[in-house]
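Below is one structure, written out as structure tokens; the observations come after it.
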Protein chains: 2
Amino acid sequence: MSQAEENYLKAIYTLQTEFGKSLSTNIIAAKIDTKASSVTDMLKKLSLKKLVIYKKYQGAHLTKKGNDLAIKVIRKHRLWETFLVNKLDFNWNEVHDIAEQLEHIKSDVLMAKLDAFLGHPKQDPHGTPIPNREGVFPEIENDYLSNIPTDTLCILVGVKNSSDVFLNYLNSKNIALNSTIKVLSVEPFDKSMLVEINNKQLLITGEVAINLQVIKQ
Amino acid sequence: MSQAEENYLKAIYTLQTEFGKSLSTNIIAAKIDTKASSVTDMLKKLSLKKLVIYKKYQGAHLTKKGNDLAIKVIRKHRLWETFLVNKLDFNWNEVHDIAEQLEHIKSDVLMAKLDAFLGHPKQDPHGTPIPNREGVFPEIENDYLSNIPTDTLCILVGVKNSSDVFLNYLNSKNIALNSTIKVLSVEPFDKSMLVEINNKQLLITGEVAINLQVIKQ
DNA sequence: TTTTATTTTTAGATATGTCTAAAAATTATT
DNA sequence: AATAATTTTTAGACATATCTAAAAATAAAA
Ligand SMILES: [Mn+2]
Ligand SMILES: [Mn+2]
Ligand SMILES: [Mn+2]
Ligand SMILES: [Mn+2]
């Protein structure tokens, strides 16, 4: 498995959970930031290796084997991100690109030992679930701040959106993992919220609230 | 810098310290386990990038720039090996191949943080010196067991030879880093030694003794 | 249901890194 | 100094992964 092949499998996996079964070359190309013709070439190769089902002009989707491999790469990516934040003191918005490289290191023993070293984490630094060695994702209650009633104390355990622009917004407001959040009031008109974070009041939009994953205290 | 280029620079660096200035394509090919014709191609490319001085039929050697880059890759390799042994509980004979991959991860911040996390180690798990961020190798006293007088307690801090076959020999005799060693007697004829390691007597050849790096207690 | 627009695939090119076999240069031997 | 042996380079090929531009297929519009 080359790095390029692994990146394709990961992209197809992610797009499948978003758009369902069959993916067009254009959608994959957009995700990987390449050209549709390159995607066609790669889909032929992955098809020969029985990692995707691909028929001309009909799009592609992962086989069981391709799915398993994609999940394995995703597991590696998230374990490395966890290592970078929890052990090396990186900020949560600095780790994605490095993990994008580290996810391609080939050694099952390494990942087993890293997993143990990290204490078998169930979520990466963005709160996203980490599949176990068998490829099974842990069940994580998805409680979002937008659903929390007023005056309930809760703790930030993840973000639905882990884009750089959103993480930077959170950083600028000193909102971090494990921040304590209390909803003070909700504006019915647009679902914007007045919340208390780190003993300071802050107004956030509904769009922000639906992207903050929390657990009640 | 591609992985292939980095591996070439590292190989040329190591060979230079062993054989001096100018290296033949054959010697490099043997080190990297490739063909001389491939080496010729790569030397041309590295020469264009001003990383090596290369003249047809005259061999090659590193420029300052090439030397610095080689040392940087070596630093990464040894820091990762240290991480694998000290943090992930790998055995010292299991880490080389994984480090061979990890050394190509591109991120200066990552290496700075890993270095700090490991406590700025001066030696890798085989006792080999780790250059600092400026590429300077720490001075390490090279006392070998072969030079230690009888009845002197010392501690194993490194091996001159870190090949798999030697490390496996040491493992089989329960000789590990930080083992306490006392020379009981030396046979003048062949420099073989009777030593006490971990409260057990053991006969080792002179060849073994000159490969064990120790400090007196 | 034709025509038009869009998507997808093919054809051909480029870049990297490797190989084999033949040619050229260097080194060693008579 | 000429010949032989060895080393090194070149020529040409292959595999991977990407691109542009043209052709083919599909989807949308008239
Ligand atoms: Mn990520
Ligand atoms: Mn990647
Ligand atoms: Mn090593
Ligand atoms: Mn390497």
Side-chain angles (χ1 to χ4, degrees), chain A residues 1-13 15-16 18-62 66 69-70 73 100-101 103-106, chain B residues 1-13 15-16 18-62 66 69-70 73 100-101 103-106:
Chain A
M1 290 286 302
S2 71
Q3 295 197 185
E5 289 171 318
E6 289 185 341
N7 286 336
Y8 270 91
L9 292 181
K10 203 164 54 111
I12 296 169
Y13 178 90
L15 290 170
Q16 269 184 201
E18 196 176 344
F19 298 105
K21 309 195 175 220
S22 210
L23 299 164
S24 70
T25 50
N26 255 351
I27 283 181
I28 298 170
K31 179 84 179 180
I32 294 192
D33 195 30
T34 186
K35 297 296 154 74
S37 55
S38 304
V39 175
T40 302
D41 288 344
M42 183 57 90
L43 289 179
K44 285 179 184 169
K45 190 188 305 174
L46 294 175
S47 182
L48 274 173
K49 293 191 177 186
K50 310 281 186 201
L51 298 172
V52 303
I53 305 292
Y54 165 67
K55 285 200 188 104
K56 270 197 206 181
Y57 298 99
Q58 303 297 115
H61 64 273
L62 295 172
L69 276 171
V73 178
E100 202 60 44
Q101 299 179 59
E103 70 190 1
H104 303 292
I105 301 292
K106 273 149 196 65
Chain B
M1 289 286 302
S2 71
Q3 296 199 184
E5 289 172 317
E6 288 185 340
N7 285 336
Y8 271 91
L9 291 181
K10 202 163 56 112
I12 296 169
Y13 178 91
L15 290 169
Q16 268 183 202
E18 196 177 344
F19 298 106
K21 310 191 174 225
S22 209
L23 298 165
S24 70
T25 49
N26 254 350
I27 283 181
I28 298 170
K31 180 85 178 179
I32 293 191
D33 195 32
T34 185
K35 295 298 154 73
S37 56
S38 304
V39 175
T40 302
D41 288 344
M42 183 57 91
L43 288 179
K44 285 179 183 169
K45 189 188 306 176
L46 294 175
S47 182
L48 273 173
K49 293 191 177 185
K50 310 282 187 200
L51 298 172
V52 304
I53 305 291
Y54 163 69
K55 283 199 190 105
K56 268 197 206 179
Y57 296 101
Q58 303 295 116
H61 65 273
L62 296 171
L69 276 172
V73 178
E100 203 60 43
Q101 298 179 61
E103 70 190 0
H104 303 293
I105 301 293
K106 272 147 197 69

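Numbers restart at 1 for each chain; the letters A, B, ... are given by sequence-line order, proteins then strands. Computed over heavy atoms, backbone and side chain alike; hydrogens, waters and symmetry mates excluded.
At the heavy-atom level, B:Ser38 lies under 4.0 Å from base atoms of the strands shown.
Nucleotide D:dT7 holds its C1' atom 15 Å from the CG atom of B:Leu23, rounded to whole Å. Atom CG in B:Asn26 sits roughly 18 Å away from atom P in D:dA5 (whole-Å rounding). Taking atom CD of residue B:Gln58 and atom P of nucleotide D:dT7, one finds them 16 Å apart after rounding to whole Å. Rounded to whole Å, atom P of D:dT16 lies 16 Å from atom CG of A:Leu43.
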Let me have the donor-acceptor pairs involving side chains of residues 42-61 of chain B, under 3.5 Å, with sequence neighbours excluded, atom names and distances please.
unit_1, atom_1, unit_2, atom_2, d
B:Lys49, NZ, B:Glu5, OE1, 3.2
B:Lys49, NZ, B:Glu5, OE2, 2.6

For residues 23-34 of chain B, tabulate all N or O donor-acceptor pairs below 3.5 Å that involve a side-chain atom, not counting sequence neighbours.
unit_1, atom_1, unit_2, atom_2, d
B:Ser24, OG, B:Ile27, N, 3.2

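Proximity of B:Leu69 to B:Tyr13: side-chain heavy atoms (C-beta onward) are nowhere separated by under 4.5 Å.
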> Can you check side chain to side chain contact (heavy atoms under 4.5 Å, CB included) on B:Leu9 and B:Glu6, steps first, answer last?
Replying inline: CA-CA 5 Å; B:Leu9 291 181; B:Glu6 288 185 340; 5.6 Å; no

> Yes or no on side chain to side chain contact (heavy atoms under 4.5 Å, CB included) for B:Glu103 and B:Glu100, after CA distance, side-chain angles and deciding distance?
Replying inline: CA-CA 6 Å; B:Glu103 70 190 0; B:Glu100 203 60 43; 2.7 Å; yes

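Residues passing the side chain to side chain contact (heavy atoms under 4.5 Å, CB included) test with B:Asp41: none are found, sequence neighbours excluded.
The phosphate of D:dT18 (OP1 or OP2) has a side-chain N or O of A:Tyr8 nearer than 4.0 angstrom. Note on A:Lys35: every side-chain N or O is 4.0 Å or more away from OP1 and OP2 of D:dT18.
Taking CG of B:Leu62 as the reference point, atom CD of B:Gln16 lies at 4.5 Å (rounded to 0.5 Å). The distance from atom CG of B:Leu15 to atom NZ of B:Lys10, rounded to the nearest 0.5 Å, is 11.5 Å. For the atom pair CD (A:Gln101) and NE2 (B:His104), the distance works out to 11.5 Å, reported to the nearest 0.5 Å.
In the helix from C:dT1-D:dA30 to C:dT30-D:dA1, the end axes, each obtained as the rotation axis mapping the C1' atoms of four pairs onto the next four within a five-pair block, lie 10° apart to the nearest 10 degrees.
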Hey, what are the protein-to-nucleotides 11-14 of chain D N/O distances that come in under 3.5 Å?
none

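Residues A:Tyr57 and A:Glu5 each lie close to DNA chain D; by heavy-atom proximity, the contact nearer the 5' end of the strand is made by A:Glu5.
The outermost nucleotides of DNA chain C lying under 4.0 Å from heavy atoms of chain A, listed 5' to 3', are C:dT7 to C:dT10.
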